[in-house]
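Quick notes on the structure that follows.
As the structure lists them, so they are numbered: ligands from 1, and atoms in each ligand from 1.
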Amino acid sequence: MLKTDRPFRLRRCQLAVPGSSEKMMKKASGLDVDYVFLDLEDAVTPEEKKPAREKIVEALNTLDWGDTTRCVRVNDPASGYCYGDIIDIVAGARERLDVIMVPKVMGPADVLFVDKLLTQLEIDLGLTKSIGLECLIEEVEALVQVDEIASSTPRLEAMIFGMGDYSASQGIPFAELAGDGDYPADIWHYQRQRIIVACRANHIDAVDGPYPDFNDPDGYRRECRRALLLGATGKWAIHPNQVAAAQDIFSPSAEEIEQARAIKAAYDDATARGLGAVTYEGKMIDVALIRMAQNVIDRADVIGA
Ligand code: COA
Ligand code: MG
């Protein structure tokens, strides 16, 4: 299993669902997706924000979500909505809510505010399970404190790179948002590296944010691959037609799993016989390769492959 004390949740794909839309929440509950987040932030207009709280509570309490993890994205801690969002959602949905997602955190204090509020609610409501927490890194202020944010509380399970707001925060032109603009490399290379290293160092998940053009499957797959190759565990989907691609790309392939298990078996066999240097298919297996194989095996085990 993965080496972490935090509850394990699959995050190969996190589907964004507007919390103001009963229709889309119903649709989302029937999809084969690891994770949904019902949104109170940018997908919901100011007039709909408070009424949407009730719709989300109703959707959490009445729909059959199966194995899908249920998260709610509240409004950011600098808004007037954040505390009320959290109180109403947690009090209304109780154990039927798994995780709260916080956007636009500026530093660890924002995460700790939500952490403390959740602790108070858990005590006051007598909840029988702890609610998880994850946050978006989408402001330059957050990126420069990403290590402090990542280690701020054991409740934090994941950080997401939100490239839309991040672009605005850093002053990156709109045209670069899809990741294939004029910049002579991957425009998100630095930010992804920075965030993913902070996540891995704190044993939390790193998730890549949205790819808005849901009619460009090739572009979406390319962005999934770029995030995967740096160590991300998943990507957002904003439309049901992106879900299968993310869940496929963020799962090890049958070939990778077979190879990883064979390498591990060859290594275990050789070490049991007291051999130091181990070969597999004519090449030396070093200990670093075993760690990489173990990563694949761990992922395969949790996915059930
Ligand atoms: N979650 C659940 N269902 C969704 C969905 C989503 N994110 N996006 C679309 N659907 C549903 C539609 O309701 C429609 O259902 P139906 O076949 O039962 O009528 C079906 O999937 C096909 O949708 P389509 O007609 O192709 O798209 P649309 O015009 O209805 O919606 C968007 C397009 C972009 C408005 C919609 O995908 C959306 O709201 N996405 C999420 C946006 C969001 O949360 N943004 C904030 C985070 S970045
Ligand atoms: Mg945002």
Side-chain angles (χ1 to χ4, degrees), residues 11 13-46 48-49 52-53 55-56 58-60 63-66 68-79 81-82 85 99-106 110-111 114 134-143 146 149 158-172 174 176-179 188 191-192 195 207-217 219-220 223-224 227 234-247:
R11 289 184 169 86
C13 184
Q14 295 186 316
L15 176 66
V17 188
S20 50
S21 170
E22 284 118 327
K23 177 177 182 281
M24 287 197 205
M25 289 192 283
K26 185 161 193 319
K27 174 113 182 165
S29 70
L31 298 174
D32 180 14
V33 58
D34 289 346
Y35 199 112
V36 296
F37 70 91
L38 310 179
D39 194 18
L40 282 169
E41 202 215 12
D42 288 355
V44 178
T45 61
E48 289 178 302
K49 281 190 190 291
R53 292 173 182 165
K55 291 183 183 174
I56 288 177
E58 175 80 5
L60 289 171
L63 295 171
D64 179 2
W65 295 90
T68 298
T69 293
R70 292 140 240 186
C71 172
V72 173
R73 178 168 75 167
V74 296
N75 287 284
D76 71 274
S79 74
Y81 297 106
C82 186
D85 288 346
V99 181
I100 288 282
M101 181 192 290
V102 193
K104 297 189 180 75
V105 298
M106 293 291 180
D110 285 337
V111 180
V114 178
E134 58 187 43
C135 69
L136 276 135
I137 303 298
E138 54 185 344
E139 301 291 335
V140 290
E141 291 87 342
L143 195 68
V146 72
I149 294 171
M159 299 197 297
I160 303 123
F161 174 45
M163 51 284 278
D165 274 300
Y166 185 85
S167 295
S169 180
Q170 189 175 318
I172 292 172
F174 183 67
E176 296 294 325
L177 192 53
W188 306 127
Q191 292 82 1
R192 281 179 176 145
I195 294 167
V207 180
D208 212 52
Y211 187 76
D213 187 352
F214 58 86
N215 291 312
D216 175 12
Y220 183 70
E223 293 302 300
C224 285
K235 186 166 175 68
W236 277 12
I238 54 128
H239 188 281
N241 74 3
Q242 294 179 323
V243 170
Q247 294 194 169

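Neighbours of the Mg ion (ligand 2) restricted to protein N, O or S atoms under 2.8 Å: the count is 2.
Aromatic rings from Trp236 and Tyr211 are positioned such that their centres are separated by 6.0 Å or more.
In this structure, atom 43 (C) of ligand 1 lies nearest to the protein heavy atom Ala43 CB, 3.7 Å. Scanning the protein heavy atoms around atom 39 (O) of ligand 1, the nearest turns out to be Pro18 CG, 3.5 Å. In terms of protein heavy-atom proximity, atom 34 (C) of ligand 1 is closest to Phe214 CE2, 3.6 Å. Shortest contact from atom 3 (N) of ligand 1 to any protein heavy atom: Lys27 CG, 3.6 Å. Protein heavy atom nearest atom 7 (N) of ligand 1, with residue, atom name and distance: Ala16 O, 2.7 Å. From the protein, the heavy atom lying nearest to atom 38 (C) of ligand 1 is Ile238 O, 3.9 Å. Here the heavy atom of the protein found nearest to atom 8 (N) of ligand 1 is Pro240 CD, 3.4 Å.
For atom 46 (C) of ligand 1, the choice among Arg73, Lys26, Glu41 with the nearest heavy atom turns out to be Arg73. Nearest residue to atom 16 (P) of ligand 1 from Met24, His239, Lys23, Gln242 is Lys23 (criterion: closest heavy atom).
Enclosure of atom CG in Asn241 by more than 12 non-hydrogen atoms of other residues, nucleotides or ligands within 6.0 angstrom is indicated.
Comment: Lys104 engages Asp165 in a salt bridge, judged by a side-chain N to carboxylate O separation of less than 4.0 angstrom. The pair Arg73-Glu41 counts as a salt bridge, with a side-chain nitrogen and a carboxylate oxygen less than 4.0 angstrom apart.
There is no side-chain donor-acceptor pair under 3.5 Å between Asp76 and Tyr81.
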Can Gln14 and Val36 be said to form a side chain to side chain contact (heavy atoms under 4.5 Å, CB included), step by step?
CA-CA 5 Å; Gln14 295 186 316; Val36 296; over 6 Å; no
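The contact set between ligand 1 and Asp39, taken as ligand atoms under 4.0 Å from a residue heavy atom, comprises 46 (C).
Contact between Arg11 and Ala158 at its shortest, heavy atoms only, is NE-CB, 3.6 Å.
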